[in-house]
K.L.:
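Have a look at this one.
When a ligand or atom number is given, it counts from 1 through the structure's own listing order. Note that this is a predicted model, so its numbers are computed, not measured.
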Amino acid sequence: MKIFISTDFEGVAGIVDWDQIMVGSHNYELGRRLLLGEVNAAIDGALQAGADTFLVNDSHSSMRNLEPDRLHGKASLLTGKHKPMYMMEGLDKSFDAIFFLGYHGSIGASRAILSHSYNPRAIWEARLNGEVVGETALNALVAAHFGVPIALVTGDQVTAREACRLSPSPHCIEVKHGVSRYAAESLHPEVARERIQEGAQLAVDSLALVGAPNYSGDIELSVTFLTADMAEMSAWLHDVELSGKDTRTVRFVSSQPLEVFRTFITMVMLTRALVE
Ligand SMILES: [Zn+2]
């Protein structure tokens with residue numbers, strides 16, 4: 001049984017500040033230790049439930065946050081920048097389940113630790129079929145394309161709430177409760193790891209009950225940027241158009257979840273050129 005693990009960082013117990021999660025920052029070594037502990041705990045739990053093959057896609061910022069020699073010995077590690085499928089690189093239909101670990105709430109969500117939706121310096125809001133979404137739902141488009149269920153999501157209470165809106169909803173583990181964007185009450189890291197291990201085991205045990213995310217019909221992606229020129233630049237892309245509602249929003253419609261995701265990622269890459 002094969003598990004695909006996409007790891008972010010903001011949703012790990014004890015993490016409340018960029019200073020803990022960016023390469024070269026003061027508390028980065030502590031942060032990456034906390035992340036690693038949660039990833040290895042999830043793998044342990046899934047192993048207990050019979051999973052035997054793991055691919056971990058390190059998806060945060062530099063995408064070199066997990067130390068290869070300290071990662072669980074059963075896992076392969078996909079690391080480094082410039083992945084065409086970004087946080088979902090490496091997934092294909094051979095996998096049986098997906099874990100999203102250390103995830104966070106969408107930009108704009110209240111009391112969501114270090115909230116953002118891909119690029120906080122470009123993206124003000126993203127919507128799918130009119131509903132405000134974060135990285136969990138955007139990445140779920142790729143899960144839908146390959147027909148792989150999202151079994152487990154970990155992060156703060158907002159991450160869990162947003163993940164519950166997925167259909168079907170995954171098993172969620174809350175390792176902390178945000179009281180603002182930069183403050184949270186966290187479980188002790190050891191307790192967080194225990195809960196994640198149990199959660200991963202349960203998630204894999206109950207896999208038969210969870211299907212892959214499912215979309216029928218057209219999917220409308222709408223993205224509002226911080227500035228009008230970011231929206232205009234995104235509208236250079238094929239079939240992406242300015243919404244007409246305001247100067248900062250573009251829309252794209254397709255019945256293919258992967259096409260929607262790839263268009264979104266291309267907007268993220270393209271508008272980086274305009275980020276100051
Ligand atoms: Zn993120």
K.L.:
Below 2.8 Å, can you find an N, O or S atom of D8 next to the Zn ion (ligand 1)?
P.N.:
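Here the distance criterion (N, O or S atom, under 2.8 Å) is met by D8, so yes.
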K.L.:
Between H60 and D8, is there a side-chain donor-acceptor contact under 3.5 Å, judged purely by atom types and distance?
P.N.:
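Yes - a donor-acceptor pair under 3.5 Å links their side chains.
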K.L.:
Is the shortest side-chain heavy-atom distance between E131 and R165 below 4.5 Å?
P.N.:
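Yes - at least one pair of side-chain heavy atoms lies under 4.5 Å apart.
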K.L.:
Is any N, O or S atom of H60 under 2.8 Å away from the Zn ion (ligand 1)?
P.N.:
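Checking the Zn ion (ligand 1) against H60, no N, O or S atom falls under 2.8 Å.
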K.L.:
Report the angle formed at the Zn ion (ligand 1) by atom OE1 of E135 and atom NE2 of H104, rounding to the nearest 10°.
P.N.:
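Approximately 90° at the metal, rounded to tens of degrees.
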K.L.:
Between Y103 and F100, is the gap from one ring center to the other below 6.0 Å?
P.N.:
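Here the rings of F100 and Y103 have centres that are less than 6.0 Å from each other.
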K.L.:
Relative to F95, does K2 satisfy both conditions: NZ or CZ under 6.0 angstrom from the six-membered ring centre, and within 45 degrees of the ring's axis?
P.N.:
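Yes, K2 and F95 form such a contact.
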